[in-house]
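Contents: one structure, followed by commentary.
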Amino acid sequence: MTPTENDGGPPEIRAATRLNEAPEPGRSLGAGSPLGADERPATQHAAGDNGPLIRRIRMDLAYDGSVFSGWAKQPSLVTVEGSLEEAARLVLRHDVRFTVAGRTDAGVHADHQVVHFDVPDFVWEGLAARRAKSGDGQSDTPEQALVRKMNGALGRVLSAVAAPLRPGARGAASGAVVVRSARAVPSDFDARFSALSRSYTYRIADGLERQSPLNRTTSYWCRQPLEIDVLNAAGERLLGLHDFLSFCKPRPGATTIRDLHSVRFERNDQGLIEARISADAFCHNMVRSIVGSCVLVAQGARDFDWLDSRIETPARDSSVRLAPPEGLVLESISYPADPNEWGPRARMTRSRRPER
């Protein structure tokens, strides 16, 4: 998959759900029911309710995709989601399930990824209490404690995975995921469906003089030098609200209609080409297909009429080239500034795109 340029998996627990008993360590929290359009959960226990409150937690992170077989957990493979779940199990002593803003494929990186998960309130508040009991004279907020503990646990999890590597290479694997922030959010926040837009950068090393062993896992090595003006002219023809079936691998029952906000190519200080691409959301393989198609036009292998026909007559065929995953980075995800808009935004997005 690429992100997957695909915008997450199905959302998990929607409501702040009260349980009849505290879950035991290692036990899954299960799933709750969606909130009604006008409901907003309490942030504290209701009077007379003895069950624990479930907190929704947002976590922002970054990762080096070259270490992983993509975002999604897969048997016998090292993935970002699998590593996060294992680290969270060590820290929280509970199983949690992550909902991600945009799933990424093997080799694809993220400088800003967002996930949410649900956890009992007593576990969340207990994160800070554990350090206070350690007697080191310091105390953390739950937010600070989770970030610190998750990064420590991820280091242990990924160091174990990197054990077969030479000693000097293990540190690179152990730092492949960094949790930057965490905070409790209203239970109608959804990392995937509350998002307004996603932005990606794709880097191309065109020509031998720009290719280095140091950028081989972060750029697409293209033998032929490319003209920036031609790349931009090609990208501009794809802007707007279209059916991008020609540029993505559709999922059963899901729409391929997307609003492509911008496609812009330019050279950075190292001489590499950087494509900056943003949209309301992306289908599976969409970013890499857009870049690959623009490169075909810049190489003279296809013309502008061909590119126009991909939009005018959407269809899956072998003429669209999929650019390699290494050059792709999920750069940012934007959400409404007002938390009161997170729930309405999620409900609107779900109504337009199936959750599968």
Side-chain angles (χ1 to χ4, degrees), residues 1-8 65 70-72 101-110 192 195-204 219-220 222 226 228 230-265 273-333 349 352-354 356:
M1 299 166 24
T2 49
T4 16
E5 302 124 34
N6 194 44
D7 303 315
W71 164 268
R103 286 177 290 181
T104 51
D105 286 345
V108 176
H109 316 284
R192 176 188 179 191
L196 293 171
S197 66
R198 285 96 171 156
S199 296
Y200 291 88
T201 295
Y202 193 97
R203 293 179 177 88
I204 304 172
S219 64
Y220 164 28
C222 180
L226 304 174
I228 296 294
V230 178
L231 289 168
N232 280 321
E236 288 173 3
R237 303 176 95 90
L238 303 177
L239 298 179
L241 184 66
H242 303 291
D243 185 342
F244 282 92
L245 176 61
S246 300
F247 299 91
C248 64
K249 183 177 180 180
R251 297 183 180 279
T255 181
T256 52
I257 296 174
R258 295 292 189 268
D259 188 1
L260 187 62
H261 298 163
S262 65
V263 178
R264 185 68 183 171
F265 293 85
I273 296 174
E274 288 189 350
R276 299 186 181 277
I277 304 174
S278 65
D280 61 339
F282 290 90
C283 307
H284 187 190
N285 288 343
M286 183 173 159
V287 174
R288 289 167 57 195
S289 293
I290 288 173
V291 171
S293 297
C294 291
V295 169
L296 283 175
V297 173
Q299 290 175 328
R302 301 287 178 184
D303 58 21
F304 290 121
D305 289 341
W306 169 81
L307 197 59
D308 293 341
S309 71
R310 299 300 83 204
I311 290 292
E312 294 166 0
T313 310
R316 288 284 295 168
D317 62 50
S318 60
S319 68
V320 174
R321 175 190 293 175
L322 189 64
E326 290 80 11
L328 188 57
V329 180
L330 174 58
E331 291 284 356
S332 63
I333 302 160
T349 307
R352 296 187 305 183
R353 297 205 303 272
R356 63 184 72 185

Over all atoms of both residues, closest heavy-atom pair of [X] and [Y]:
X      : Y      : value
Pro324 : Tyr202 : O-OH, 2.6 Å
Thr313 : Ser246 : O-OG, 3.9 Å
Asp303 : Val297 : O-CG2, 4.0 Å
Val320 : Ser293 : CG1-OG, 3.3 Å
Cys283 : Thr256 : SG-CA, 3.7 Å

Main chain of [Y], side chain of [X]: is a donor-acceptor contact present, judged purely on distance under 3.5 Å?
X      : Y      : value
Asn285 : Lys249 : no
Ser197 : Ala279 : no
Ser278 : Ser199 : no

### Message
The test is side-chain contact (heavy atoms from CB on, under 4.5 Å); show your working for Ile311 and Phe244 and say whether it passes.
### Response
CA-CA 7 Å; Ile311 290 292; Phe244 282 92; 3.9 Å; yes
### Query
Have Thr201 and Glu274 got a donor and an acceptor in their side chains that come within less than 3.5 Å?
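No, because no side-chain N or O of Thr201 sits under 3.5 Å from a partner of the opposite role on Glu274.
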### Task
Kindly determine whether Arg203 and Val329 satisfy side-chain contact (heavy atoms from CB on, under 4.5 Å), including the steps that lead there.
CA-CA 8 Å; Arg203 293 179 177 88; Val329 180; 3.5 Å; yes
Can you tell me how far the [atom1] atom of [X] sits from the [atom2] atom of [Y], to the nearest 0.5 Å?
X      : Y      : atom1 : atom2 : value
Leu226 : Gln299 : CG    : CD    : 6.0 Å
Ile277 : Met286 : CD1   : CE    : 8.5 Å
Arg198 : Arg258 : CZ    : CZ    : 8.5 Å
Ile333 : Tyr200 : CD1   : OH    : 7.0 Å
Trp306 : Arg237 : CH2   : CZ    : 12.0 Å
His109 : Leu328 : NE2   : CG    : 8.5 Å

### Message
For Arg316, I'd like to know if atom CZ has over 12 heavy atoms of other residues, nucleotides or ligands within 6.0 Å.
### Response
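Correct, the count exceeds 12.
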### Task
Begin from the C-alpha positions of Phe282 and Leu260 and carry the test side-chain contact (heavy atoms from CB on, under 4.5 Å) through to its verdict.
CA-CA 9 Å; Phe282 290 90; Leu260 187 62; 4.2 Å; yes
[Y] side chain reached by [X] side chain, heavy atoms, under 4.5 Å:
X      : Y      : result
Val287 : Val108 : no
Leu322 : Ser289 : yes
Pro314 : His242 : no

### Message
Evaluate Glu236 against Val263 for side-chain contact (heavy atoms from CB on, under 4.5 Å), listing each step before the verdict.
### Response
CA-CA 7 Å; Glu236 288 173 3; Val263 178; over 6 Å; no
